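Below, each value reflects all heavy atoms present in this structure, side chains not excepted, and no hydrogens, waters or symmetry copies. Quick caveat, the model's predicted, so the values are computed rather than measured.
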Amino acid sequence: MLFLISLVIMVFPSSYADSAEINKTMFGIAIDGYDTAAFFSLHNAIVGKKNFLFHWKGATWYFANAQNRDKFAEFPEKFAPQYGGHCADFMSQATKIKGNPKIWQLYNSKLHLFNSEK
């Protein structure tokens with residue numbers, strides 16, 4: 001019995017995180033309109049523009065320029081934030097809280113958003 005409980009505890013957070021929906025506004029804009037490719041290329045949180053957009057996983061993603069949009073379109077999993085853009089810290093506890101694109105970190109070549117600076 002103890003083995004089964006341990007197994008559920010170990011598996012639940014990762015399976016929960018993998019099935020995360022995209023963090024989007026009520027208008028369907030992913031991560032408040034921030035350009036996910038800019039985190040990697042400029043190491044900065046840049047708000048995207050409406051004229052450079054891409055639809056993926058039920059959300060509209062904005063980009064600062066066509067080059068960033070095209071990079072994302074080719075490899076969205078590479079540039080999309082982990083856990084659908086929800087707070088990485090809370091997702092590790094199997095709790096879905098909106099991530100703030102102004103509070104972020106690149107870790108192991110993956111974008112992680114957080115809810116607060118704590």
Quiz prompt | Sequence-distant partners of Asp89, side chain to side chain donor-acceptor pair (under 3.5 Å), two or more places apart | solution = none
Self-check item: Shortest non-hydrogen separation from Leu53 to Arg69 and the atoms involved
Solution: O-CD, 3.1 Å
Exercise. Of all the heavy-atom pairs spanning Phe114 and Cys87, show the shortest one and how long it is.
Key: CA-SG, 3.8 Å
Exercise. Could you tell me the separation between the CG atom of Asp70 and the CZ atom of Phe63, rounded to the nearest 0.5 Å?
Key: 9.5 Å
Quiz prompt | Approximate separation, where rounding is to 0.5 Å, of His112 NE2 and Phe39 CZ | solution = 12.5 Å
Quiz item: Of all residues at least two apart in sequence or in a different chain, which pass the side chain to side chain contact (heavy atoms under 4.5 Å, CB included) check with Ala59?
Solution: Ile22, Lys24, Ala30, Trp61
Quiz item: For Ile46, does its backbone N or O pair with a side-chain atom of Asn44 as donor and acceptor, under 3.5 Å?
Solution: no
Quiz prompt | Gap between atom NZ of Lys78 and atom NZ of Lys110 - 0.5 Å precision | solution = 9.5 Å
Exercise. Output the distance between atom CD1 (Ile97) and atom CG (Leu113), rounded to the nearest 0.5 Å.
Key: 13.5 Å
Quiz prompt | Heavy-atom closest pair, residues Glu21 and His86 | solution = O-CE1, 2.7 Å
Quiz item: Looking at residues at least two apart in the chain, or sitting in another chain, which of them share a side chain to side chain donor-acceptor pair (under 3.5 Å) with Lys98?
Solution: Asp32
Practice problem: Taking Thr95 for its side chain and Met91 for its backbone only, find out whether a donor-acceptor pair lies under 3.5 Å. | Solution: no
Quiz item: Looking at OG of Ser116 and CG of Asn100, how far apart are the two atoms once the value is rounded to the nearest 0.5 Å?
Solution: 9.0 Å
Self-check item: For Pro76 against Ala73, the heavy-atom pair lying closest together
Solution: CD-O, 3.7 Å
Practice problem: Can you sort out the partners of Tyr34 under ring-ring contact (aromatic ring centres under 6.0 Å, His included), two or more places apart, ordered by chain and number? | Solution: none
Quiz item: Mind checking whether Phe72 and Phe79 have parallel, tilted or perpendicular rings, split at 30° and 60°?
Solution: tilted
Self-check item: Same cluster (ILVMFWY, side-chain, under 4.5 Å), Val47 and Ile31
Solution: yes
Practice problem: Could you tell me whether Lys49 atom NZ has more than 12 heavy atoms of other residues or ligands within 6.0 Å of it? | Solution: no
Quiz item: So, Asn115 side chain and Gly99 main chain: donor-acceptor pair closer than 3.5 Å or not?
Solution: no
Self-check item: Residues that Asn68 engages under side chain to side chain donor-acceptor pair (under 3.5 Å), provided they are two or more places apart
Solution: Asp35
Quiz item: Considering all heavy atoms of both residues, which atom of Pro81 and which atom of Thr36 are nearest to each other, and what is their separation?
Solution: CD-CG2, 3.8 Å
Quiz item: Which residues pass the side chain to side chain contact (heavy atoms under 4.5 Å, CB included) test with Leu106, sequence neighbours left out?
Solution: Phe40, His43, Trp104, Leu111
